[in-house]
Amino acid sequence: MCLLRLQSESSTGTMSRCTGRCLHQLDPHGPDPGAESRRLLCGGGARCHAQSSQRPPAGQWALVPYPGADASLCGMVATGASGTNAVRYGTMRDNVLNLEVVLPDGRLLHTAGPGRYFRKSAAGYNLTGLFVGSEGTLGLITAATLRLHPAPEAMVAATCAFPSIQAAVDSTIHILQAAVPVARIGLSVLPEFLDDVMMDACNRYSKLNCCVAPTLFLEFHGSEQALAEQVQRTEEITQHNGASHFSWAKNAEERSRLWVARHNAWYAALSLRPGCKGYSTDVCVPISRLPEILVQTKEDLKASGLTGTITGHVGDGNFHCILLVDPEDPEELLRVKAFAEQLGRRALALHGTCTGEHGIGLGKRQLLQEEVGAVGMETMRQLKAMLDPRGLMNPGKVL
Ligand SMILES: Cc1cc2nc3c(=O)[nH]c(=O)nc-3n(C[C@H](O)[C@H](O)[C@H](O)COP(=O)(O)OP(=O)(O)OC[C@H]3O[C@@H](n4cnc5c(N)ncnc54)[C@H](O)[C@@H]3O)c2cc1C
């Protein structure tokens, strides 16, 4: 994982990876407000760059959740985006403190009250939460106040290969159950899963030489001493589950090479069938159900005759399928859509959700109904009708 550095007019340094109208990193009034008040106020055009290879030095502050593609920060709020680091730092949902929203009737709403940036509140309804993930259907987000996190002293990235999907996911579960990062030092394990087809594509695309097998990517943040303990425990757990081809990267260049390979997953998948378009879908299930849905999905992929890869954030129970479609073949597109719908239903049957990151948009409206039920849908429709009675905001999306 790489942390984004923030451009700032503050005394803590300059930002390198976040561009646009980022207004303040620190409280402009008075002395340094301390860790809990570190925040970034960004305007509608501010963008996050996914492939940052730079790590802010310890003592600086960073915006952490980011998706696998470049995106606007307000777009990330609108989709409730997250990334490989959600296990430790949460999703956008956990990192938004306040939003400025233009409502469909033109009024300006500050979801937490003008100028406020508290971490918790029991005051009324959670309007900020309502707009995070609303996919542009309730109002236009024109500014966001986001949490910043302290950059750790050191980071170690690792990859290891497994004989099976089950063994890779079991390792993840055992690492989390053993509370490797949190119990000992309060920092994180960021497991990232790539399937063997994906790994092969990544190797070829990013000119790597990783083992073509189910592979976990892990990253640890903390002090040098704490990292050594985490690394040792993780090796014990993964070796117990049959891991091989261990490699650890502490050096920033090597670490970033691994993660760039992960972030190139989309383009690596596209390179499997030149000329084809990518169709990406995602689901999220309770982590205990992850092995069975991954195994089923892999079997479904084989049976479908489609070309597709699996990549995911196993620590959250979230994974993606990137399917390749010939734009000249409408029948193949129908099969891809049927596959995505079947995957969504499999996730629902396992007490999961039809999307952990990508949202409902137009394609998953039926699955949303199946997920939340009639009363849930009616409540959402009433909220939409109250805020946007003329249906101006992204008509037809989500509901
Ligand atoms: C290769 C690739 C990898 C990806 N990986 C991830 C990932 O790991 N995790 C993840 O969460 N997502 C991922 N995504 C999806 C995408 O990057 C995120 O959904 C991102 O947050 C969208 O931001 P955007 O600025 O591109 O928004 P857009 O795509 O422009 O818009 C997305 C939605 O948000 C609405 N919207 C945008 N801006 C605003 C605004 N200011 N106010 C109100 N509504 C608005 C739009 O109307 C639209 O409905 C990936 C996409 C690609 C192509």
Side-chain angles (χ1 to χ4, degrees), residues 3-30 32-33 35-50 52 60-67 69-83 89-121 123-149 359 383-384 387-388 392-394 397-398:
L3 299 172
L4 293 172
R5 294 177 73 184
L6 302 175
Q7 187 168 30
S8 159
E9 293 166 3
S10 79
S11 57
T12 55
T14 33
M15 231 175 175
S16 61
R17 302 296 303 172
C18 195
T19 57
R21 196 165 64 93
C22 290
L23 305 180
H24 303 289
Q25 182 177 347
L26 295 177
D27 189 340
H29 311 293
D32 181 340
E36 286 309 292
S37 297
R38 295 284 183 158
R39 68 198 190 284
L40 172 75
L41 174 60
C42 60
R47 296 191 72 77
C48 144
H49 298 280
S52 173
Q60 282 201 6
W61 296 81
L63 174 70
V64 182
Y66 60 86
D70 292 348
S72 71
L73 291 167
C74 289
M76 287 163 61
V77 174
T79 56
S82 57
Y89 299 97
T91 69
M92 252 350 217
R93 221 168 259 291
D94 309 297
N95 284 275
V96 179
L97 300 174
N98 202 347
L99 294 174
E100 179 191 270
V101 180
V102 178
L103 294 174
D105 63 8
R107 286 176 300 158
L108 195 65
L109 168 71
H110 294 270
T111 56
R116 303 194 187 284
Y117 51 91
F118 45 77
R119 282 287 299 281
K120 72 182 206 184
S121 166
Y125 298 137
N126 181 350
L127 294 179
T128 306
L130 179 63
F131 281 88
V132 178
S134 60
E135 298 187 44
T137 59
L138 300 179
L140 184 67
I141 301 164
T142 47
T145 308
L146 306 173
R147 276 185 68 191
L148 299 179
H149 296 264
L383 282 168
K384 165 81 174 166
L387 284 168
D388 183 18
L392 300 174
M393 305 299 300
N394 276 348
K397 261 201 173 175
V398 181

Between Thr137 and Asp388 the two heavy atoms that sit nearest each other are O-OD2, 3.8 Å
Could you report the tightest heavy-atom contact between Val101 and Thr142, atom names first, then the distance? N-OG1, 4.3 Å
Donor-acceptor contact below 3.5 Å, side chain Arg147 vs main chain Val96: no
Note, Leu130 side chain near Leu387 side chain (heavy atom, < 4.5 Å): yes
Flag, side chain of Asn98 to backbone of Ala144, donor-acceptor distance under 3.5 Å: no
Do Leu108 and Val102 have side-chain heavy atoms sitting under 4.5 Å apart? yes
Using modelled atom types and a 3.5 Å cut-off, is there a donor and acceptor pairing between side-chain atoms of Asn394 and backbone atoms of Glu135? yes
Considering only heavy atoms from C-beta outward, does the side chain of Met393 approach that of Leu138 to under 4.5 Å? no
State, to 0.1 Å, how close Ser121 and Ala123 come at their nearest heavy-atom pair, and which atoms those are. OG-N, 3.0 Å
For Met76 and Met92, work out which heavy atoms get closest and say how close. O-CG, 3.5 Å
Can you name the nearest heavy-atom pair linking Leu73 to Leu146, along with the distance? CD2-CD1, 4.3 Å
Classify the side-chain pair Thr128/Thr111 by whether it contains a donor and acceptor separated by less than 3.5 Å. yes
Answer yes or no: is there a donor N or O on one side and an acceptor on the other, between the side chain of Asn126 and the main chain of Gly129, under 3.5 Å? yes
Hey, could you give me the NZ/CG distance between Lys120 and Leu97, rounded to the nearest 0.5 Å? 14.5 Å
Over all atoms of both residues, closest heavy-atom pair of Phe131 and Leu99: CB-CD1, 3.8 Å
Is any side-chain heavy atom of Leu109 closer than 4.5 Å to a side-chain heavy atom of Glu100? no
